[in-house]
Amino acid sequence: MTEPLFYSEQLAEPGATLVLTGDEAHHATASRRLHNGDTLWLFDGHGGVARATLVHIATRGRTLELRIEERRSEPAPKPVVHLACALPKGDRQQVLLDMATQLGMTHFTPLACERSVVKPGANSMARWGKICLEACKQSRRLHLPSIETTSTVRDIVECMTAAGSSVWLAHSAAQAVTVSIAVNQGAKNVTILIGPEGGFTEAEIEQAVAAGARMLTLGTSILRIETAAVAMVAAFALTAGSGD
């Protein structure tokens with residue numbers, strides 16, 4: 001799949017015609033400069049992918065008529081890596097979501113912590129979805145991360161442990177294990193909790209551990225939110241998934 005990749009909520013069967021509109025169609029003609037007869041790929045964000053031929057361009061490049069040549073479905077990624085994270089400031093949110101998606105994050109939950117400074121805005125989820133979509137197109141990941149509603153530390157730990165996920169809370173403490181030890185346990189369903197710049201409070205840590213979370217350390221350095229998040233997603237998604 002070396003030809004350009006675009007997003008379409010719906011995919012048609014081979015031989016059928018599909019109409020691509022809006023920003024994706026405009027990007028195909030304006031940025032990628034595709035013409036009639038060119039080959040492109042479509043994905044639906046849930047593992048479905050199709051090869052198509054551009055048949056006709058209309059409405060100043062914002063409507064494309066495509067003929068589907070082949071279609072297939074890719075299985076869901078393993079391991080499942082759920083990132084539950086306090087929000088960093090400004091453009092650092094984009095850096096976090098972009099890089100975590102490229103590396104294999106499958107779910108994202110914004111955390112409301114006692115020391116949180118940044119809160120989601122009215123349009124945050126829509127903006128995050130666009131960031132993750134562009135990251136999937138860049139990295140050619142066919143499954144869009146699921147973006148969940150804001151949760152507290154205790155609620156996300158209780159929910160994910162009940163669902164059978166291995167929950168890890170980023171915190172430097174004497175009893176915290178290193179990432180290498182955690183990854184080598186071979187869990188295929190993990191949830192990673194990253195706190196705000198001021199860290200989790202003692203009450204949040206106690207609640208999380210009582211609900212089944214284990215503490216995980218990246219060392220003695222004090223890392224930015226997005227740095228810690230990306231490092232942990234990479235460790236679990238790339239290393240734990242390498243045995244499949």
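What you are looking at is a predicted structure, and each value in this text was computed from that prediction instead of being measured.
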SB check Asp23 Arg62 (cutoff 4.0 Å) = yes
Compare every heavy atom of Ala170 with every heavy atom of Ile194, then report the nearest pair and how far apart it is.
-> CD1-CB, 3.7 Å
CG/Leu97 to CZ/Arg92 distance, rounded to the nearest 0.5 angstrom?
-> 12.5 Å
Which is it for His35 and Leu54 under the side chain to side chain contact (heavy atoms under 4.5 Å, CB included) test, yes or no, and what are the steps along the way?
-> CA-CA 7 Å; His35 300 88; Leu54 177 53; 5.5 Å; no
Backbone N or O of Leu223 within a donor-acceptor pair of the Ser221 side chain at under 3.5 Å?
-> no
Are the side chain of Glu65 and the backbone of Val55 linked by a donor-acceptor contact shorter than 3.5 Å?
-> no
Where Cys85 and Ala229 come nearest, the two heavy atoms and their spacing | SG-CB, 4.3 Å
Rounded to the nearest 0.5 Å, how far apart are CD1 of Ile147 and CG of Leu83?
-> 11.0 Å
Should Val49 and Arg72 be marked as a side chain to side chain contact (heavy atoms under 4.5 Å, CB included) after you check the CA-CA gap, both sets of side-chain angles, and the distance that decides it?
-> CA-CA 6 Å; Val49 59; Arg72 67 176 188 271; 3.4 Å; yes
Given side chains that start at C-beta, do those of Thr63 and Ile57 come closer than 4.5 Å, heavy atoms only?
-> no
Electrostatic pair Arg140:Glu3 at N-O distance under 4.0 angstrom | no
Looking only at atom types and distance, does a side-chain atom of Gln102 sit under 3.5 Å from a main-chain N or O of Ala135, one as donor and one as acceptor?
-> no
Spacing of His27 atom NE2 and Leu20 atom CG [to the nearest 0.5 Å] = 11.0 Å
Donor-acceptor pair, Thr152 side chain versus Asp155 backbone, under 3.5 Å?
-> yes
Same apolar cluster (I L V M F W Y, side chains within < 4.5 Å links), Val80/Leu238 | no
Pairwise distance CG(Leu34) to CG(Leu64) - rounded to 0.5 angstrom = 8.0 Å
Can you check whether Glu134 reaches Cys132 side chain to side chain, under 4.5 Å on heavy atoms?
-> no
Between Glu69 and Arg51, is the closest basic N to carboxylate O distance under 4.0 Å?
-> no
Could you go step by step and tell me if Ser8 and Leu18 meet the side chain to side chain contact (heavy atoms under 4.5 Å, CB included) rule?
-> CA-CA 9 Å; Ser8 175; Leu18 184 145; 4.1 Å; yes
Transitive ILVMFWY side-chain link Val233 to Val177, under 4.5 Å = yes
Using the side-chain hydrogen bond (donor to acceptor under 3.5 Å, both in side chains) rule, take Gln93 and Arg127 through it: C-alpha gap first, then chi angles, then the decisive distance, then the call.
-> CA-CA 10 Å; Gln93 292 178 28; Arg127 183 169 60 87; 3.0 Å; yes
For the atom pair OG1 (Thr150) and CG (Leu111), what is the distance rounded to the nearest 0.5 Å?
-> 8.5 Å
Kindly give the heavy-atom pair with the smallest separation between Ser165 and Thr191, and that separation in Å.
-> OG-OG1, 2.8 Å
Go through Val81 and Ile192 one step at a time and tell me if the side chain to side chain contact (heavy atoms under 4.5 Å, CB included) criterion holds.
-> CA-CA 8 Å; Val81 179; Ile192 306 163; 3.9 Å; yes
Heavy atoms of Ala208 and Val153 approach each other most closely as CB-CG1, 3.9 Å
Mind checking whether Trp41 and Val19 sit in one hydrophobic cluster, side chains of I, L, V, M, F, W, Y counted as touching below 4.5 Å?
-> no
Is it true that atom CZ of Arg115 has more than 12 heavy atoms of other residues, nucleotides or ligands lying nearer than 6.0 Å?
-> yes
Thr161 versus Ala211, closest heavy-atom pair with distance = OG1-O, 3.3 Å
Within 6.0 Å of CD in Glu24, more than 12 heavy atoms from elsewhere | yes
State whether the side chain of Ser116 and the backbone N or O of Val118 hold a donor-acceptor pair below 3.5 Å, judged by distance alone.
-> no
Would you check if Phe6 and Arg32 make a side-chain contact, meaning some heavy-atom pair closer than 4.5 Å?
-> yes
For Cys136, does its backbone N or O pair with a side-chain atom of Thr101 as donor and acceptor, under 3.5 Å?
-> no
Under a single-linkage definition using a 4.5 Å side-chain heavy-atom cutoff for Ile, Leu, Val, Met, Phe, Trp and Tyr, are Leu42 and Leu5 assigned to the same hydrophobic cluster?
-> no
For the residue pair Phe108 and Trp128, is the inter-centroid distance of their aromatic rings smaller than 6.0 Å?
-> yes
Ring centers of His171, Phe200 separated by less than 6.0 Å | no
Is there side-chain contact between Trp168 and Phe236, with heavy atoms separated by less than 4.5 Å?
-> yes
Using a 4.5 Å cut-off on heavy atoms from C-beta on, say whether the side chain of His82 contacts that of Met160.
-> yes
Please confirm whether the backbone N or O of Arg141 pairs with a side-chain atom of His143, one donor and one acceptor, at under 3.5 Å?
-> no
Does Glu204 pair with Arg154 as a salt bridge, N-O distance under 4.0 Å?
-> no
What's the shortest heavy-atom distance between Ser151 and Thr109, and which atoms?
-> CB-CG2, 3.8 Å
Any link between Leu66 and Phe43 through a network of hydrophobic side chains (Ile, Leu, Val, Met, Phe, Trp, Tyr) touching at under 4.5 Å?
-> no
CG of Leu133 to OH of Tyr7, rounded to nearest 0.5 Å, is 7.0 Å
Are side-chain heavy atoms of Val117 and Leu87 found at a separation under 4.5 Å?
-> no
Just by modelled atom types, is the Val167 backbone N or O under 3.5 Å from a matching donor or acceptor in the Arg214 side chain?
-> no
